[in-house]
Amino acid sequence: MPVKPKSSCCQDKPRCRRCPIRLLADGRLSAADAKAIFARSKNKKALKKAGMTKKHLPAA
């Protein structure tokens, strides 16, 4: 059963198992989930802080 991502990143260090940024880095986040999660401005900031950009998001 795949891991259901959180709706937002809690920005803890180390990142939790359900963190959307961690799932994205591991390649376990679906394109639809990634688009919905990273549309929020708080999550965009967390993505940028983690050193990732839009090119890291899976193609829809």
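All of these numbers come straight from a predicted model, not from anything done at the bench.
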**OP:** Mind jotting down which residue pairs meet the side chain to side chain donor-acceptor pair (under 3.5 Å) criterion with at least one end in residues 37-49? Sequence neighbours excluded, please.
**Re:** none
Show which side-chain atoms of residues 17-26 pair as donor or acceptor with protein atoms under 3.5 Å away, not counting sequence neighbours.
unit_1: Arg18; atom_1: NE; unit_2: Lys4; atom_2: O; d: 2.9
unit_1: Arg22; atom_1: NH1; unit_2: Arg15; atom_2: O; d: 3.0

Original post:
Under the side-chain hydrogen bond (donor to acceptor under 3.5 Å, both in side chains) test, which residues partner Asp33, sequence neighbours left out?
Top reply: Ser30
